Amino acid sequence: MTNKTIRQQLAADEAFLFSWLMMPGGFQAGAYAGAGLDGVLIDMQHGIIGFRDMVSMVEAINKAGSKAIVRPPLDDFAMVSRALDSGASGIVCPMINSAGDAEKLVSASKFPPVGERSWGAYLGTEAMGLSKEEYLGRSNDISTIFAMIETGRALDNLDEICAVDGIDGVFVGPNDLSISLTKGKEADVNNRLVQEALPLVADAAARHGKFAGIFVSDNDDLGKFAKMGFRFMPVLSDASFITDGVSAIRSAIKI
Ligand code: 3PY
Ligand code: MG
C-alpha cells in the first residue's frame with residue numbers, strides 16, 4: 001500500500017491493483033483493504049451492495065489506509081456523487097458510450113469549473129482528513145474517474161470519450177464488449193474482436209493523456225494487459241478469492 005493517490009500512482013506509470021467486491025460488509029472490505037493491494041472496488045452494478053453498505057465499506061477501506069473505488073449501478077450518476085461524498089477516491093462508471101455520457105459522468109464527479117458536482121462531502125472530508133476548503137480544492141485531483149468502454153458504440157466514440165475534460169481514464173468491460181461485438185453470442189475476453197479492440201483502447205487513452213484499465217477474470221492475463229498499456233486492474237473478486245482460498249486450504253489438508 002502507498003500514500004500516493006490513484007492518479008499519482010498511475011501517472012508514475014505504476015500498476016494500480018485492487019480487489020473487486022460484490023458482497024457487502026465493512027468488516028470484509030476492511031480486511032481486503034489491509035491485505036496489501038493498492039485499493040478495493042465496491043461493485044454496486046452487479047454486486048449485492050446497496051447505498052448504506054457502500055458507505056460502511058468505503059469508511060472501512062479508508063480507515064485501513066487504502067483507496068476505495070466504487071462502480072455505481074447503470075445510469076446512476078447520482079450514486080457517483082454519493083460515493084465520492086462518502087470518501088471514495090475512484091469511480092468506474094459502466095456503459096459510457098458517447099461523449100454525452102462522459103459529460104454526465106464528469107458533471108456528477110468533478111466540482112466546477114470542470115463539472116457540476118454539488119457540495120455534500122461530509123464523510124469524505126473526515127475520511128481524508130481534509131478541511132472543507134482543502135477537500136474542495138483537491139477533490140477534482142484526488143477523485144480518479146474511469147469511463148467503462150464496453151460496447152461497439154463506445155469503441156466508435158472512443159476518441160470523443162477520451163477527449164472529455166474530467167475523464168481521467170477508460171476501463172474496458174471485456175464481457176459486455178464481447179457481448180456487444182458478437183451481437184449477443186459470447187461473453188469472452190478471448191474473442192478475436194475483443195482482443196483486437198484492447199490495444200486500440202489502451203492506445204487511445206495514451207494519445208489523450210488518460211489512464212487505461214481493464215477488468216481481469218484470469219490473473220494470468222495481467223502481464224499481457226500490462227504490456228498493452230493497461231495499469232489499473234483488479235486481481236479477481238471476493239467470490240473467487242473465497243472459492244480459490246477454500247479449495248487451496250482443502251487440498252493442503254491431508255486428512
Ligand atoms: C464486463 O466485463 O463487462 C464488466 O463490466 C466487468 O465486470
Ligand atoms: Mg460490464
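Bear in mind the structure is a predicted one, so any value in this text is a computation, not a measurement. Counting convention: from 1, in listed order, for ligands and their atoms alike.
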Going by atom types alone, do [X] and [Y] pair a side-chain donor with an acceptor below 3.5 Å?
| X | Y | answer |
| --- | --- | --- |
| Thr151 | Asn97 | yes |
| Arg7 | Ser143 | no |
| Trp20 | Asp238 | no |

His46, portion touching ligand 1 at heavy-atom distance under 4.0 Å: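 Under 4.0 Å from ligand 1, His46 contributes no heavy atoms.
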
With a cut-off of 4.0 Å, which atoms of ligand 1 are near a heavy atom of [X]?
| X | value |
| --- | --- |
| Met148 | 4 (C), 5 (O) |
| Gly173 | 1 (C), 2 (O), 3 (O), 4 (C) |
| Glu150 | 1 (C), 3 (O), 4 (C), 5 (O) |
| Asn175 | 1 (C), 2 (O), 3 (O) |

Any Gln45 heavy atom less than 4.0 Å from ligand 1: no

Partner residues of Asp221 under the salt bridge (Lys or Arg N to Asp or Glu O under 4.0 Å) criterion, sequence neighbours left out: Lys224

Backbone or side chain, does any N or O of [X] fall under 3.5 Å from an N or O of ligand 1?
| X | answer |
| --- | --- |
| Asp176 | yes |
| Leu177 | no |
| Trp20 | no |

Is [X] salt-bridged to [Y], cutoff N-O under 4.0 Å?
| X | Y | value |
| --- | --- | --- |
| Arg231 | Asp13 | yes |
| Lys110 | Glu116 | no |
| Lys210 | Asp168 | no |
| Arg117 | Asp85 | yes |

The Mg ion (ligand 2): angle it makes with OD2 (Asp176) and OE1 (Glu150), nearest 10 degrees: 100°

Atom 7 (O) of ligand 1 [closest protein heavy-atom partner, distance rounded to 0.1 Å]: Arg71 NH2, 3.2 Å

Atom 6 (C) of ligand 1: nearest protein contact (heavy atom, Å):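 Looking at atom 6 (C) of ligand 1, the protein heavy atom closest to it is Phe215 CG, 3.4 Å.
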
